[in-house]
Amino acid sequence: MSLQPIAGTTDLGVGRWTTTGRRARTFVGRLLGRTDGLVGVVILAFFTVIALFPSVFVGPLEGVLSATGQPLDSPSLAYPFGTDELGRDLLNLTVHGARISMVIGLLATIITVVIGSTVGIVAGYVGGVVDNVLMRITDFFLVLPTIVLALILAPIILDVIGAQAELFGIRSTLLVIVIVIGLTSWATTARVIRSQVLSVKERMFVDRARVIGSGGGQIMRRHILPNVVNLIVAQSVLTFATAVFTETTLAFIGLGDPAAPSWGQILNNAQSAGAPGLGAWWYIVPPAAAVVLVVLAFTLLGNALDDVLNPKMLGRR
Amino acid sequence: MTGVREPGAVSATRGRRQVPLPRLADPAAPLLVVEDLAVRFSLPSGSVKAVDGVSFRLDDGEALGIAGESGCGKTTTALSLVRLLPANGRIRSGSVKLFGIDLVPKTEKQLARYRWREISIVFQGAMNALNPVRRVGDQIAEPIEVRLGRSRDASRKRAAELLDLVGIPGQRASAYPHELSGGMRQRAMIAMALACDPAIVIGDEPTTALDVMVQAQILQLLERLRRELGLSLILITHDLSVIAETCDRVMVMYAGKVAEEGPVTRVFTAPRHPYTQKLLSSFPNIHADRRTLDVIPGQPPDLRNPPPGCRFAARCPFVMDVCREVVPPEVTFGDGVRVACHLYPGRDAAGPPPRVVGATRTCDAASSTDPAP
Amino acid sequence: MSAHYILRKLVQAILTIVAIVALNFVLFRMMPGSPERATKNPHLTPEFIAAERAKWGLDKPLFPDQLVAFAISTAQGDLGYSIKYRGQPVVEVVADAAGPTVLLIGIGEAIAIVVGLWLGARSGWRRGGVMDRIGNSLSLIFYSMPYFVIGMPLIIIFAAGLGWFPTSGMTTPGGDKGPAEALFDLGRHLVLPVTAVALGLIGAYSILMRSSIVETRSEDYITTARAKGLPDALVLRSHAFPNALLPMVTLIAINLGYVVAGAITAEIVFNWPGLGLLTVQALDARDYPLLQAIFLLIAVSVVFANFAADIVYGYLDPRVRA
């Protein structure tokens, strides 16, 4: 298991986050002008297309009954990625896995960023006791081994809402993973956003707006939020990397949905089938490479966004 | 302190100096001669001509003040002497001759020989300039041990002596920077600058972050050390009164160029360059009840793309057509003052400086003393 | 380091543990098979339920009575009985599995801290250099890999393929082995799992150390050190590194929770008989008391590790020490 988003630990709090017209026009150019930005965007574009239209490329998801190949066949012309222990085409599984992994990642990211940003903005803007209480809770979640907590929470939540329930067409087993990742990984975002809000708050116009008579909620929406939105974007991209990473881990440990196999679930199947010991590398490499590429791409893109949106001073004098 | 013998070192010393000169030194050469120095910073948005064609000279035992608004290139000029520029800064041309040795073509490794042993720096705001996790005494002893090759004990002993010299009890050597007050930290920084008995000490706004009482104490200390040790000093500050009290000569810079340079007594009593005049009149007179504060309208030019003529033209009350097109040449007067301004065309130009009229207004004492916007 | 500082950090740690116990209590009341749910059985008479509730103290208010009772039994080490291990106290089951996990994480962390910090410091100090480009790219790749994704290829190549190391387990079963032989056997089993954990951590630590060094590099005291004409290596070693290390102490401790979770996946891959494997078994059997005990042990360990990190931080940073 790896860390929370990298940018959350770098000094994000000092830069200016203004978006001028000129900067907005050159934004895409500057992002794609960087190696990390370009590589990140290209990899993500590839996986996004696959995730949107998996059936166009490899046909419908193969199930246990619709499996067409021999068990554990190494790559061949008919099955370029080989087959799993049930004879399913691993190319088919990996491509469909993209959709499942990335949808879970996306939903979990939304929950994480919404909770994290709200807590960060409120704590940073309101300050005082509210800030203190919210930050103690945040620190608690930072220290807590959240993935281990997720291992208990997931079956409990599943038991409460029922295994067959669906929401927005997503089965409850997957939904549980989404909720668990969202609930347990917002703390880093909250911390990063809060420190940015604190520096925004120092600036004059907030005082002016307050004098004119706007309420706290209005100031947060109209004045604070636009100034931290760049940071939230960069943080979201990095959170997505963590979410895909965490989903893979949880699915591998056994919280996935065998009927809707994400990359982590495929790797779980591979482990159960004893693929590593049998030397069945083709069972492991495609889903593993997909996970690594997507996490890497989001991390690269997140850092590139961070740098482009938050230009650091080059010279001091 | 006694000299450290280097193989083949010229044993000649200069004045009070007890450490041998660098091997290549010309004993007859002036202490420091900077000629036509140009420094650029590369930014994503373009190349900043931060220092452009700056020349000056510093003699043994002399104190030179460099004045100007923030961003005029005074710190960059001083730091480029030993090439301590940020990673995006480069010396584009010019020479820095110390004892006649040009430092500009030296490699980083060769240049290390001259850092601190010949030119040391008292940085602004010693809280950040001192390493927060190391004891003050160790930080002072470090260059003595590493650069002069003394034993650790001897270095520590010398560090304690230096602290004594700047008015800090020697036993405070074991303190960490945060345990000292701002004034004490600045004293420790000065002690550190003296560690290798350097030829030149540069003070980069050494009193700026301090309150007025402490400022006065630090200035007195620098005065005393100058007198007792015969230091050669370059003092960078935007505070003209500091230069008036401490320095022999003053160099006024504007937008990366020298506007006026000469003996403090001459420049401060009869400023010739319109910028110097503005700068002096914008400075509050301590002896007057109501201060006459002259605010210079406008902003310094964008140094990524400086104007073709005089860089002060846009803000100058005496601006002429020629100022906007031709860079004014430097003219040296009989009293040793050097000015770069089209108001003084001839070489031996004489006559009283023109009076500034019109732009003067009276402000309350509470107004900002900083002419920069 | 002042007693006040240590005391403050200790109080924080204890409060965090209290919060964890309270969270555990909430989970305990929510989970399937909890007494609250068991009493919903329609076949039981109300009288019987009332009597049972009184017997187990469930008639008392949740707060403070039930919570306090729960906290007291937790403190006494009474965490209930395992379902999977046929009524064995979960504390015993967890204690047996903790050793191998501590061994795996301990060695992995030690290697990763030394190598990762060194690599990150070197990369950041010469940002854009050859070492930085190669080191940072590799670090990013390992950072993006869950430990089991690192572990699986290791098995395929070095165990199943080349046969240098065993594919799974902690010891070779059977046969009488002398102490030296047993230690060698353990070492052979340790190599691959430790490599998987260490590689993942090295990626993370070197990236973080790199950015810490890059930030430290622009500090004024580094300019001072350069102005002193000190050799570059000395500026790094005695000025940049000690300062860049400070945030790393906290980050390494905060990160420990994730390391444990990652180690769980590595244990699964290598069939390493630690907490990770136990977690999966408990999960499969829906053995909630066991899961809770594992969570409690790991959470409390992580809190203590953070407390230890605070003490180390205080030792390294004189501004805190005073």
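Naming: A, B, ... by sequence-line order, numbering from 1 per chain.
- Donor-acceptor pairing under 3.5 Å is recorded for the side chains of Y205(C) and E109(C).
- A salt bridge links D232(C) with R126(C); the closest basic N to acidic carboxylate O contact falls under 4.0 Å.
- The pair E145(B)-R152(B) meets the salt-bridge criterion, with a side-chain N (NZ, NE, NH1 or NH2) lying under 4.0 Å from an Asp/Glu carboxylate O.
- Of the two parts of V146(B), only the side chain, counted from C-beta on, holds a non-hydrogen atom closer than 4.5 Å to a non-hydrogen atom of chain C.
- Neither the backbone nor the side chain of I202(B) comes within less than 4.5 Å of any heavy atom in chain C.
- Using cut-offs of 30° and 60° for the angle between ring planes, the F304(C) and F307(C) rings count as perpendicular.
- Residues of residues 234-242 of chain C lying under 4.5 angstrom from chain B, judged on non-hydrogen atoms, are L234(C), S238(C), H239(C), P242(C) by number.
- Ion pairing of R134(B) with E142(B) is present here, as a side-chain N (NZ or NE/NH1/NH2) and a carboxylate O approach within less than 4.0 Å.
- A donor-acceptor contact closer than 3.5 angstrom is absent between the side chains of W125(C) and D132(C).
- Ranked by non-hydrogen atom pairs under 4.5 Å with chain B, the options G229(C), P231(C), A225(C), A227(C) are led by A227(C).
- Nearest heavy atoms, A198(C) versus I111(C): CB-CG2, 4.1 Å.
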